[in-house]
Amino acid sequence: MSDIKVEGFKTSAIIAALAEVFEGYNDEEKKGQIKKNNGIFEVKVKNEAGQEATWTIDLKKTGTVKKGDAKSAGVKSDVTLILSDDTFADLAAGKTTGQKAFMTGALKTKGNMMLATKLDGLLKSTKGKAKL
Amino acid sequence: MSLAGLMSGAECAVEVNPLSQVLKHTDGDRSLQQDRIAGPSSSRLHHLPSSSNHAIAEHDMAMARQFFEAQQGPASGPSFSPAQMAPMQDLMARQLPLTVANRGMSSNLNNAWADVQRTQSAPALPHNAMSQAGWANEFSPAAFAHGPPVQQSATPTNTTQAQYMSGSAFGTMANRYGGFNGMPQNYLQSFDGQAPVLDIKGKGKFKETDFDAAFAQVASSFETTPAQAEALADPVVELEKDLGKTSLDDAPAATPEEVLGHVEFKNVWEQLQNSDMPPKPEEMAKWEAEFNNLMSAQREDGEWEDYSTAMQHAWEETAADMDDTFGHSVKFDHEGLPILDAYTFEEHNKYLDPSSSTQSPLAQAKMMLEQNASLSEVALLLEAAIQKGELGEGGYEAWILLGETRNMDEREELGMKALSEGVRIAEESGAAGPGMLSLAISYTNESFDRGSHTMLMRWLRARFPDAPVSPEMEDALSKSAWHSHNVVTDAFLGIARAQHADGVIDPDVQLALGVLFYTNGAYDRAKDCFEAALGARPTDYLLWNRLGSSLSNGNKPEESLGAYREALTLRPTYTRAIYNVGVACLNIGAHREAAEHLLSALSMQEATGEKSKQLWQTLRRAFLAMDRKDLADLTNENPNLNVFRSEGFEF
């Protein structure tokens, strides 16, 4: 997964974990995820230093995560999420939710906004959730 | 009820500091209590309040207070009744120096409030900043601490502003938006972290402006419901007559100072509207268009009454969908309860064989539970019992026991179905109550938040038939999870307080409260509640597990291990606790240990044909984290667990 990582971004580690999770899905689960989400997410992240990085999460065709924007991955994205590195880290840690981030403007979207709601769930899947 | 108490500490930890609890009693919630007693003055936006002006005044004050207190605390936002006002107040307050607001409640604000009161009738408002500050102070909940005169003068301000806002169908928007799965509450929380934002010139960190402006734009695109605006107008008119305050909108102002204040507000409003901070108008139009599409798409569905509910449902279903347990999309009824298929019994159940022991399978199952046998075995026995017609007490006992056993065995889907069946039978036979808490917990685990609230509410009604439940509460349950959460929390807090006043700690009530907080992500509060419950029932392994999970999801995996150990000491075959230990290890980064724990959990499910998918999946992730893709792939084939033993895993 080293080709996914980008230096200087907390997001990168999280996305790498997400990629691992996808790898871990067997075919059935992968198909399930693709069916549920049915979208190609572009994640544009800006870190404190002002650098930008983009990743493409394809949950429509292949069920993979790639570095770079959708064009470089050869697909057209359904939604682009624009947020800061810190916001993404908070989302993944559960400190905030996709809705909150959206409401406060910390998360901006271009494209199919409803797909942004799936982001929370995606990130949750990277972290094991304890059962009550 | 007192969200104040909620904000400032764990309600549940009643025994830890009884004095603080008492203080909260005296300090906290009178306003809303009175509000409730006085009558349904909530949702003024929906109907004309029949209650008195006094009630409304207090209601407003309470809301304002909650708004500010909410800034200090996480989790639960204002209760349902103020909810719809809160968004509007939010937005209004946002436009003013948040620095003032963020200072929170303090005597400063009290004094400032008193000052503002005086200045309002005297020539004052020298320049922009001052008036803005004064404006924000008018919102100050600190005013609440003062007597009626302050309240009353505060009210029309709030009201008139509300009227101003609602004049443009804003109220509708806020309502709808308020329904947006916890938006107002989240909104409030967003203020915690926001640095002082508003600067009159419209500069500064302006996430909210674009939002605001977008809001206004979208608001204008929604169907205006003049009825709502009118409804709001009436109480306002009443109040104005009584208190002689001018309104903020275009009614002629009485004094130059008031005009000034009015103009100030309008100026700011215009500025915000016209500000060219991002997003650009084109983007906004696009956003608006998307919103409209969204709305119309949902509307075509025909099911949902308003957009907020639609969004809420979409959100919930998404959250539910993300969970792999239910492979297909789950549908919900109007109360948020999932519509499940019937329970599927095990195909090969040795206990079904008529030649096997003649002892009652139900009795046998119970005995095995006592003896800490494998939960899967117990489940088989219970299934046999049910299939043989031995349903136990009331016809529901076996079902509920089966459901609880399945859940303990980390077979959530089966557990939920069995519990649903049991609860249904119990309700129909007039003995509602058993199994409901467990079912609510099951819903929470699968992110069926509204369902969880509904079930908890039903339990409360069954257990405490005398507890006051207003029709609004019922109404709230059919709306978004955010509405229902607050309403249900209030109800439970009311009971908890009453009990505490009698010196009683009811572990079930504490449990229910804990589940409520957990569902909403307030894991710290949930932890407190479970600890309180454990104080009364220290040998309840389920409670230990729940405490552990609250810690684990609250990002305290190391502490959670301690709680899980307790649970496992009490019930070594508690599969779910073992699973949770595995998850905690995974989160800590102890992948090998995680794998071993998960494998031992799997090994306890040898009795049933299929093992828990959840266990396999989490094991897979552990293997991948260890860079053992070969083992990860192996898990897909439901292999014999000895394969893993030979790989060196000890379980």
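Because the structure is predicted, anything quoted here is derived from the model rather than measured. Quick note on labels: first sequence line is chain A, next is B, and so on, each numbered from 1.
- The environment of CD in A:Glu7 is sparse: at most 12 heavy-atom neighbours from other residues, nucleotides or ligands sit within 6.0 Å.
- With respect to A:Lys129, the side-chain contact (heavy atoms from CB on, under 4.5 Å) criterion is satisfied by exactly one of B:Asn553, B:Thr618, B:Asn580: B:Asn553.
- A:Lys131 NZ to B:Met408 CE: the interatomic distance, rounded to the nearest 0.5 Å, is 15.0 Å.
- Remark: A:Glu52 CD is packed, more than 12 non-hydrogen atoms of other residues, nucleotides or ligands lying under 6.0 Å away.
- In this structure, no portion of B:Phe623 lies under 4.5 Å from any heavy atom of chain A.
- When all heavy atoms of A:Ala130 and B:Tyr564 are compared, the pair lying nearest together is CB-OH, 3.4 Å.
- When the shell of 6.0 Å around NZ of A:Lys46 is examined, it contains 12 or fewer heavy atoms from other residues, nucleotides or ligands.
- To the nearest 0.5 angstrom, A:Leu132 atom CG is 10.0 Å from B:Asn407 atom CG.
- Only the side chain of B:Arg620 comes within contact range of chain A, with at least one heavy atom under 4.5 Å from a heavy atom of that chain.
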